[in-house]
Amino acid sequence: MLKVKVNDIDLEVDEGLTVLQACEQAGAEIPRFCYHEKLSIAGNCRMCLVEIEKSPKPVASCAMPVTNGMNIKTNTEFVEKARKGVMEFLLANHPLDCPVCDQGGECDLQDQSMFYGVDKSRYKENKRSVPEKYMGPLIKTQMTRCIHCTRCIRFATEVAGVPELGAIGRGEDMQISTYLEKSMESELSANVIDLCPVGALTSKPYVFEARPWELKKTESIDVMDAVGSNIRIDTYGWEVKRVLPRVNEDINGEWISDKTRYSCDGLKNQRLDTPYIKEDNKFKKSSWDEAYNKIAEKIKNTSSDKIAGFIGDLTNMETSYIAKEFFNQTIKSNNLESRDDNYLVDINNRENYIFNSRLNGIDESDLIVLIGTNPRYEATILNSRIRNAFLKNKCEIYSFGNLGDLTYDYEIIENNTSKLKEILDGASSITKKIENSKKPIFIFGQSFFKLRSSNFLLEGLKKYLLSQNKINENWNPINILSIHASTVGSYDLNIVSGDINSNEVLTKTLNNEFEVIFLIGKDNLKLKKKNEFIIYIGSHGDKGAEFSDVILPGAAYTEQDAHYTNLEGQIQKAYQATYPPGDAKEDWEIFNNLSTYIKRKKIFNTKDNMVSDMLDFIKKKKDNKSLDIHKSFHNEKIITDDLDYYYSNVVSRASKTMMECRSLRNNLKKTGTEG
């Protein structure tokens, strides 16, 4: 520990800290533009000047390491004069755009110029002008406002792993550019908008939509993938205007994916706002009473073993739980399923379907093996953590099969189950590396669990890692990467039907053995309909609604308080930011009302009762010994499913912005210029 003095306050700080970090520990506020906690130090803006005893000139605190006995002053007249001088230079070429700039009200330069700026300028020369740059459908540029802090360049290179941004020219002629005037090919690209301390990089879809002080801000959880990124939803009236990241160092840090940020415009397109009943192959609007009565009549005249249901990708835990109770209590059926393919899962033990090492555990790993997963598209934020481990820990990464550009280097292993078996048998060169690693991580994608020998290999890997003492109370290297927001929560609620060797309900459904099918936000069921009576409960008129007989309009993830369990098994609560449109209701309410039409009795009296019951169910659920299933080996190819990233769910498919991103990516693939 080093002893320093900050504004006459004695302080002990860790060796290796900068003066700026020491000042913050002492409670002194230091202005800055280029410094950011998650990026390398550049020392460009010089706004963070402080006075250090025995130094004749002011010092840039972000780039100066602390030494023992330092006496630092942050609030003297000398410091204030120096910062005013820096601010004068920064504003020399900055245009007076504040009234029309989207950054107004959230602009670091605006805030700090109010404190350190002066009311007149000594410069008579013309301000410079820089042409706008093209950075794709998400980022709007106004580079005349740029102050060359280089945060965007460092983010693109260090975090996103796409070194497409850089500086050209020198001095006053310096410009931030993508060199070839092309879109940033990253699923994290729009984080540069949050990083930009001025209005040089702003949101293209959000341009001129609203001012920050007009928006209502609601803390919530993202459902575009299973990571469960913490977000803030900004609404104007009933409309969601934008989604921004919330800092949670254990999950998403302070970044979110472009899909999380920009698919929100899909919340106002193709919405279901009234019940529909199909007559003569056409949908007609109906009342809730009429729709409920039609469903109740059909269920009363159908044997319970001929009724099935499927939980959708974005379905919250409350809806899943009341659907389960509705099937068990009201219609006495066990045919409720959450899987849309023949994924093998053993829900008896939670470690069989969660990310056991936790997301922040990736930062500590020194060896990562990817099996049947492409984390860049399946979990973008998780992929950025793998890149961080690659850069900071020199982590070695192996992948079964070539996955293309993952933004970090990895070694390709032949995508065959026999190669994985060789590792477990000690016949592979990787075996030694696993034994020598301190914290290895194995990431299994959902694609892997379609294999007939998936359980044989998973159990074999567990035994091997236990024998090497790699699995202990502090570390479990076996991780399952779920793709959908509802997956882990559904498994926690035991929404897996029949024999887990195969998806019994799905098989019967595809064979047209059921008479009544509930699709609860389920839009990717590959069913060739015959005589089934299909009830769709959901927020969007998508694939599931197309071939249904009754449509009941539900609420989207921004329109109801709800819980989601992310891929590492952490239960998080999303809060209601706006209201369902038209006559649409919250999903749990639909099942509760439907129960009264069938049994003249509600399932739960209040939502609080239901949530309490659900959380008790999860708390009481105990891990049992893994079932002895599929314990035979088959020589198979490990094929990673190709995820249509920008069209992966109903909200993103209804989004105009996601359509533009997808179109751009498809064009790049056709021309062979994709990174």
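Every value quoted in this text rests on a predicted model; they were computed, and no experiment measured them.
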Quiz item: Going by an N to O cut-off under 4.0 Å, is there a salt bridge joining K656 and E660?
Solution: yes
Practice problem: Answer yes or no: is there an ion pair linking E219 with K573, defined by an N-O contact shorter than 4.0 Å? | Solution: no
Self-check item: Side chains of T74 and V79 in contact at under 4.5 Å (non-hydrogen atoms)
Solution: no
Quiz prompt | Ion pair R376/D405, N-O distance below 4.0 Å | solution = yes
Quiz prompt | N383 side chain to Y377 side chain, donor-acceptor N/O pair below 3.5 angstrom | solution = no
Exercise. For the pair E24 and R32, find out whether any cationic side-chain nitrogen is under 4.0 Å from an anionic carboxylate oxygen.
Key: yes
Quiz item: With a 4.5 Å limit on heavy-atom distance, are the side chains of E559 and E586 in contact?
Solution: no
Quiz item: Any side-chain donor paired with an acceptor under 3.5 Å for N666 and S663?
Solution: no
Practice problem: Answer yes when R665 and E187 have at least one side-chain N-carboxylate O distance shorter than 4.0 Å, and no when they do not. | Solution: yes
Quiz item: Heavy atoms, side chains only, cut-off 4.5 Å: are Q560 and E589 in contact?
Solution: no
Quiz item: F283 vs Y276 aromatic rings, parallel, tilted or perpendicular, using cut-offs 30° and 60°?
Solution: perpendicular
Quiz item: Between atom CZ of R151 and atom SG of C34, what is the distance when rounded to the nearest 0.5 Å?
Solution: 7.5 Å
Self-check item: Qualifying residues under salt bridge (charged side-chain N to carboxylate O under 4.0 Å, His left out), relative to E125, sequence neighbours excluded
Solution: none
Practice problem: Determine yes or no for a side-chain-to-main-chain donor-acceptor pair under 3.5 angstrom, with Q270 supplying the side chain and G541 the backbone. | Solution: yes
Quiz prompt | R358: partners by side chain to side chain contact (heavy atoms under 4.5 Å, CB included), with sequence neighbours left out | solution = N360, E568, Q570
Self-check item: With sequence neighbours excluded, residues passing salt bridge (charged side-chain N to carboxylate O under 4.0 Å, His left out) with R653
Solution: D542
Quiz item: Do other residues, nucleotides or ligands put more than 12 heavy atoms under 6.0 Å from K285 NZ?
Solution: no
Self-check item: Derivation of the side-chain contact (heavy atoms from CB on, under 4.5 Å) call for R387 and L188
Solution: CA-CA 13 Å; R387 174 173 167 77; L188 291 164; over 6 Å; no
Self-check item: Distance, nearest 0.5 Å, that separates CG of L165 from CG of L201
Solution: 7.5 Å
Exercise. May I ask you to test the P58-F78 pair for a side-chain heavy-atom distance under 4.5 Å?
Key: yes
Exercise. Go through the structure and list residues passing side chain to side chain contact (heavy atoms under 4.5 Å, CB included) with D14, not counting sequence neighbours.
Key: M1, L17
Quiz item: So, for G554 and D587, which heavy atoms are closest and what is the spacing to 0.1 Å?
Solution: CA-OD1, 3.3 Å
Practice problem: Taking the side chain as every heavy atom from C-beta outward, state whether K204 and I193 have any pair of such atoms under 4.5 Å apart. | Solution: no
Practice problem: Decide whether S655 and D265 meet the rule of one side-chain donor and one side-chain acceptor closer than 3.5 Å. | Solution: yes
Exercise. Output the distance between atom OG1 (T380) and atom CZ (R385), rounded to the nearest 0.5 Å.
Key: 13.5 Å
Quiz prompt | Side chains of N93 and Y123, donor plus acceptor under 3.5 Å | solution = no
Exercise. Kindly determine whether V227 and N566 satisfy side-chain contact (heavy atoms from CB on, under 4.5 Å), including the steps that lead there.
Key: CA-CA 5 Å; V227 171; N566 75 346; 5.6 Å; no
Self-check item: Between Y647 and R662, a side-chain donor and acceptor under 3.5 Å
Solution: no
Exercise. Flag the pair C62 / T18 as yes when at least one side-chain heavy-atom distance between them is below 4.5 Å, and no otherwise.
Key: no
Quiz item: Can you tell me if S203 and Y262 form a side-chain donor-acceptor pair at under 3.5 Å?
Solution: yes
Exercise. Under the side chain to side chain contact (heavy atoms under 4.5 Å, CB included) rule, collect the residues that match up with T150, sequence neighbours excluded.
Key: A42, N44, I153, R154, M174
Practice problem: Could you check Q175 against M143 for side-chain contact (heavy atoms from CB on, under 4.5 Å), going step by step and ending with a plain yes or no? | Solution: CA-CA 8 Å; Q175 296 180 27; M143 301 316 287; over 6 Å; no
Quiz prompt | Flag side-chain contact, heavy atom, 4.5 Å: F89 against R46 | solution = no
Exercise. Flag the pair V59 / V19 as yes when at least one side-chain heavy-atom distance between them is below 4.5 Å, and no otherwise.
Key: no
Quiz item: Within a radius of less than 6.0 Å around OH of Y179, do more than 12 heavy atoms belonging to other residues, nucleotides or ligands occur?
Solution: yes
Quiz item: Hey, are R261 and N191 close enough side-chain-wise for a donor-acceptor pair under 3.5 Å?
Solution: yes
Self-check item: CE-OH distance between M658 and Y645, expressed to the nearest 0.5 angstrom
Solution: 7.5 Å
If you look only at distance, which donor and acceptor atoms sit under 3.5 Å apart when one is on a side chain in residues 96-108 and the other is two or more places apart or in another chain?
residue : atom : partner : partner atom : Å
D97     : OD2  : R145    : NE           : 3.0
D97     : OD2  : R145    : NH2          : 3.4
D102    : OD1  : F208    : N            : 3.3
D102    : OD2  : F208    : N            : 3.1
Q103    : NE2  : C196    : O            : 3.0
Q103    : NE2  : V198    : O            : 3.2
E106    : OE1  : R242    : NH1          : 3.3
E106    : OE2  : R242    : NH2          : 2.6

Practice problem: Mind listing the closest non-hydrogen atom pair of A485 and V223 along with its distance? | Solution: CB-O, 3.5 Å
